[in-house]
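Structure first, commentary second.
All values reported here derive from a predicted model rather than from experimental measurement.
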Amino acid sequence: MDKKRLVSVLIAEGFICIIAFFLMKDQAIGYDSIISFPFVQIGYLLRILSLNSPFGNVMAWMAYVLFCLAPLILLSIRIRKGIQKSEDLLLLLLSVLLFFSMYYMINPGFAEGILAPSMLKGSWKIGVSSVVYIVLIGYIIMRLLRRIQTGMTDRLLIDLEAMLIIFAGISVLTLTFALPFDIKGEMKAVEAANTMAGIDFSLTHLFILLRNGTKMIPLFYQILIILAGYDLVQALKVERYSHEVIEKAVQLVNKCRQAIIITVIASIFINILQLIASAKLIHSNYHIDIPLTSILIVIITLLLAKYFAHSSKIKEEMDLFV
C-alpha cells in the first residue's frame, strides 16, 4: 500500500469513528465494553439461537464448538505441515479458555457468584475476556519475535510495514473514538460527584477538554511519526544505502523532536493556566505528558540516520574504487 492510499484509509477511518461517536455518545462505552467484544455479542447470539428451537439449539452448539476449536484446528494444521513451534502450545491453552469463557458468555447466570461476587454482576466478563486476549496477544508477539529472529531483511521490512499500518489504525481509533468517550466520561463523573443545585460546570468542562487536548497532541503526532516511519520503510525497500533513506530518517527525527517540544510546552501551559483558574474550578488534575516513546524513537533514529549516512558513504567509496 502506498502512502497516499494509507492516508486516505486513515482519514476515512477517522470520519467513521467521529460519526460513530456522535451516534453512540449517549451510551456508556468503556473498557469493559471494548475488552469484552466480541465474546459477549457472540454469546448473546448463540443464546438466542439456542432458545429459538431444537434445530437452533443444535446449530448453536455446533457454532460454539467450532468457534472454540478454531485455535486447536490451526495448531493441528501447523503440526501436520511440520512447522509447529513451542509457542504454538498457547493455541491449545487458548482453545481451552474459549470453551470455558464462551460457555459462561452463553449462560451468564451460571457465572454470577462463581467467577465474581453477585454484587459485581458483569465484572467477570472483563476478567474472562482479558485473559483470552492476553493469551492471544502473547501468542502473536511470540510468533512475531520468532519471525523477526529468523526472517530475511526484505521479509522483515514487509512485516514492519504491516505493523505500522496496524499501529496507525489503532492510533486513529484512539484519537477519534476512545478518547472522546474518556472526555465525556470524566465530565459525567465530575457532575455526578457534585450534585448541589446551581453549580456551573462550564469552566471545569473547558479545562477537562484542554487537559485531554494535551493527550490528543502526542496521539496526533504519533500518527505523523508512523507515517514518517512508513516513508522510511518504503525507501529502505527500494535501496538501503540511498540518500533518500537518510532524508526520510532525518524527517522522522524532526517529527519526533517536534512532537516532544509541542507536547511538553502545551502540557506546561495548560497546567499553569489551570493553576491560575483553580479557585473557580470544581475539579482539577495536574500532570505533565512526557512522550518517552517519541524521545526513544528520536535517539534510535538519529543513530540509524548516522549509520545509514556512514554506510552510504562507504558504499559510494566502494563503487568508485570498483
Side-chain angles (χ1 to χ4, degrees), residues 3-4 6-18 21 160-161 163-187 190 202-235 244-278 281 283-306 308-309:
K3 185 182 175 182
K4 288 184 179 179
L6 175 59
V7 171
S8 299
V9 170
L10 294 177
I11 291 172
E13 180 193 356
F15 275 118
I16 292 171
C17 288
I18 291 170
F21 167 73
L160 181 57
E161 186 179 23
M163 289 170 61
L164 288 173
I165 292 172
I166 293 170
F167 290 152
I170 293 172
S171 299
V172 170
L173 178 66
T174 304
L175 180 64
T176 58
F177 188 75
L179 194 54
F181 271 106
D182 285 344
I183 295 171
K184 189 172 180 61
E186 186 176 351
M187 288 180 177
V190 171
S202 55
L203 187 61
T204 301
H205 285 173
L206 174 62
F207 271 91
I208 290 174
L209 286 172
L210 291 174
R211 283 200 308 271
N212 282 278
T214 61
K215 296 179 182 178
M216 288 183 174
I217 291 172
L219 268 174
F220 175 74
Y221 268 101
Q222 183 172 297
I223 297 169
L224 297 181
I225 289 167
I226 289 171
L227 291 175
Y230 193 82
D231 272 342
L232 177 59
V233 171
Q234 296 294 318
E244 187 181 1
V245 169
I246 302 170
E247 290 175 4
K248 298 299 181 183
V250 171
Q251 289 174 13
L252 179 57
V253 170
N254 290 337
K255 279 283 185 295
C256 294
R257 185 185 293 117
Q258 191 179 22
I260 295 167
I261 293 170
I262 292 178
T263 301
V264 172
I265 289 175
S267 185
I268 292 171
F269 176 74
I270 295 301
N271 279 285
I272 291 175
L273 200 61
Q274 185 177 226
L275 182 63
I276 294 171
S278 58
L281 294 178
H283 170 77
S284 59
N285 185 8
Y286 296 90
H287 69 277
I288 182 167
D289 292 302
I290 302 175
L292 296 176
T293 303
S294 296
I295 293 172
L296 184 61
I297 292 174
V298 166
I299 296 170
I300 293 173
T301 313
L302 275 173
L303 293 173
L304 286 174
K306 291 181 179 180
F308 288 134

Review point. Got Y230 and I165 here, is their nearest side-chain heavy-atom distance under 4.5 Å?
Key: yes

Review point. So how far is it from L6 CG to L164 CG, rounded to the nearest 0.5 Å?
Key: 9.0 Å

Point to revise | Distance in Å, Y221 OH paired with I262 CD1, rounded so as to fall on 0.5 Å steps | key: 3.0 Å

Review point. Which heavy atom in F177 sits nearest to a heavy atom in C17, and how many Å separate them?
Key: CD1-O, 3.5 Å

Study note, to complete from the structure: Between the CG atom in D231 and the NZ atom in K255, the distance rounded to the nearest 0.5 Å is 9.5 Å

Review point. Where is the tightest heavy-atom contact between I217 and T263, given as atom of each residue plus distance?
Key: CG2-OG1, 3.7 Å

Point to revise | Contact summary for E161 and V233, nearest pair of heavy atoms | key: CB-CG1, 4.2 Å

Point to revise | I223 CD1 to T176 OG1 distance, which is reported to the nearest 0.5 Å | key: 7.5 Å

Exercise for review: Write down the atom of E13, the atom of G169, and the distance for their closest heavy-atom approach.
Suggested key: OE2-O, 2.7 Å

Review point. Any idea which heavy atoms bring I226 and S171 closest together, and the distance?
Key: CD1-OG, 3.9 Å

Review point. Are any non-hydrogen side-chain atoms of I268 and V264 less than 4.5 angstrom apart?
Key: yes

Study note, to complete from the structure: Value for CG (L224) from CD (Q258), rounded to nearest 0.5 Å, stands at 8.0 Å

Practice item. Would you give the length of the straight line joining atom CD1 of I225 to atom CG of L232, rounded to the nearest 0.5 angstrom? Key: 13.0 Å

